[in-house]
Amino acid sequence: MTDLAGPDVPSRALGPGSRLRLPVLASFLQRAGPALLGFAAIRLLGVVVLELWDGDERKDALHLLSGRWDSVWYASIAEHGYGRTVVAEDGGVHSDLAFFPLLPWLERAVSAVSPLSAGEAGEAGLVVGAVASLAAAAGLFALGDLLHGRRAGTLLALLWAAVPIGIVQSMAYTESLFTALAAWALYALLTGRWVAAGVLSAASGLSRPAGLAVAAAIAVAAVADRLADPERRRIPPGPLWGVVLAPSGWAAYVLWVGAKSGQPLGYLDVQAGWGNGFDGGLGFARFIAERFTDGAPLAGVGLCAGLALLAWVCVLLVRLRPPLPLLVYTAVLVLLAVCAAGYFGSKPRLLLPAFPLLLPAAVALARARLPAAAVTVGVAAVGASAYGAVWLTGSGPP
């Protein structure tokens with residue numbers, strides 16, 4: 001694992017023999033304080049701008065953040081359990097079995113111990129999302145700090161808050177919850193905590209299908225660990241347990257859906273009803289091509305430019321030579337986002353948990369002068385706030 005990760009990564013972050021303890025809460029919060037406060041400020045700015053953007057009472061911030069799209073499905077599961085099905089105008093059968101259960105479970109738990117509603121108001125979902133987003137920011141800081149120092153960790157958390165689609169972090173959606181679990185799973189993995197990494201990976205697999213990206217990172221790390229010492233006869237229990245636990249949450253839910261539907265591949269049928277699947281990117285390519293033929297060539301050019309930017313950032317990440325598990329995790333997420341069939345507007349959101357893509361920018365800004373870094377983050381935060389307001393008060397991603 002150490003050899004495959006690259007020489008530029010601190011040795012304390014790698015290796016099966018690492019005994020680096022997870023941060024003690026008080027000292028960690030003191031070290032991560034600026035990152036968490038800055039993250040909260042950027043997200044608060046996004047909510048305030050959203051509230052002030054449109055005076056339509058039907059589009060108040062609370063409704064926009066917790067009462068539309070997937071949030072409604074999660075709230076329904078939290079309040080009534082699974083069993084809701086809607087037939088769309090195009091004939092597609094939309095079943096709530098497409099939504100993984102961890103967020104509804106947490107919404108129900110918050111509602112049970114507080115006056116907050118887990119139903120249509122979505123209050124419990126917003127609380128879960130807010131706490132999860134802070135946990136995600138803390139995990140990003142921990143990883144950035146571990147690999148490149150405190151300033152890079154702080155900037156990684158701030159840049160993640162200021163991405164254009166960052167408003168999703170303030171919604172009753174699963175992106176923040178999944179990112180928190182994934183980030184801390186990867187941190188546990190890089191510090192030699194295999195079982196903790198496996199447990200967190202299992203939890204991430206109960207929140208989103210992308211939990212497979214975390215499980216893949218752990219599996220590859222275990223293989224690399226084995227290759228680093230091929231003469232070792234006995235496989236240590238830590239990596240073995242990590243590999244076994246990592247995909248268990250995802251597998252348990254998919255198998256449950258199969259048993260409930262009476263079809264072993266019932267989960268794939270559920271996703272097909274929503275128009276989702278994996279077509280290698282053919283649908284996305286057709287979508288881009290149609291922009292050039294339906295009178296919207298500027299949109300097509302913009303999409304091509306976005307893909308080129310994504311490819312360039314991926315190259316920058318590889319050149320930074322991060323630990324192999326981070327590369328695997330990011331590669332799987334990018335592959336799933338770009339090559340999956342489905343609604344185009346979801347693709348930027350699917351990339352939100354791919355936070356290692358921000359590492360090159362965080363490292364570069366950490367080396368820059370403080371005013372330059374502050375201005376860059378500030379401009380990004382203002383732009384993200386405006387973008388989020390335009391998106392949520394409109395009909396979809398602009």
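Residue numbers start at 1 and run along the sequence shown. In what follows, every heavy atom counts, from backbone to side chain, and hydrogens, waters and symmetry copies are set aside.
Ring geometry for F28 against W184 counts as perpendicular: the plane angle is over 60°, on a 0 to 90° scale with 30° as the lower cut. Using cut-offs of 30° and 60° on the angle between ring planes, the pair Y82 and W256 is tilted.
Residues satisfying the ring pair (Phe, Tyr, Trp, His ring centres under 6.0 Å) criterion with F178, sequence neighbours excluded, are absent altogether. Considering only residues two or more places apart in sequence or on other chains, W73 meets the ring pair (Phe, Tyr, Trp, His ring centres under 6.0 Å) condition with F99, W274.
A continuous path of hydrophobic side-chain contacts links L309 to L365 [ILVMFWY only; heavy atoms under 4.5 Å]. Follow the hydrophobic side-chain contacts under 4.5 Å out from W391 and you reach F344 in the same cluster. Under a hydrophobic clustering in which Ile, Leu, Val, Met, Phe, Trp and Tyr are joined whenever their side-chain heavy atoms come within less than 4.5 Å, directly or via other members, L36 and L25 fall into the same cluster. L206 and W241 fall into different hydrophobic clusters, where Ile, Leu, Val, Met, Phe, Trp and Tyr side chains are chained together by heavy-atom contacts under 4.5 Å.
Counting all heavy atoms, side chain and backbone alike, G238 lies closest to W194 at O-CB, 3.1 Å. Taking all atoms of both residues into account, the shortest heavy-atom contact from L155 to A373 is CD2-CB, 4.4 Å.
Between the S204 side chain and the S201 main chain, a donor and an acceptor come within less than 3.5 Å of each other. K347 contributes a side-chain N or O that, together with a main-chain N or O of A340, makes up a donor-acceptor pair within less than 3.5 Å.
Residue pairs that meet the side chain to side chain donor-acceptor pair (under 3.5 Å) test with at least one member in residues 94-114, sequence neighbours left out, do not exist here.
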Candidate pair V214 and L200, rule side-chain contact (heavy atoms from CB on, under 4.5 Å), full reasoning: CA-CA 9 Å; V214 189; L200 289 166; over 6 Å; no

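Residue Q30 places its CD atom among 12 or fewer non-hydrogen atoms of other residues, nucleotides or ligands, all under 6.0 Å distant.
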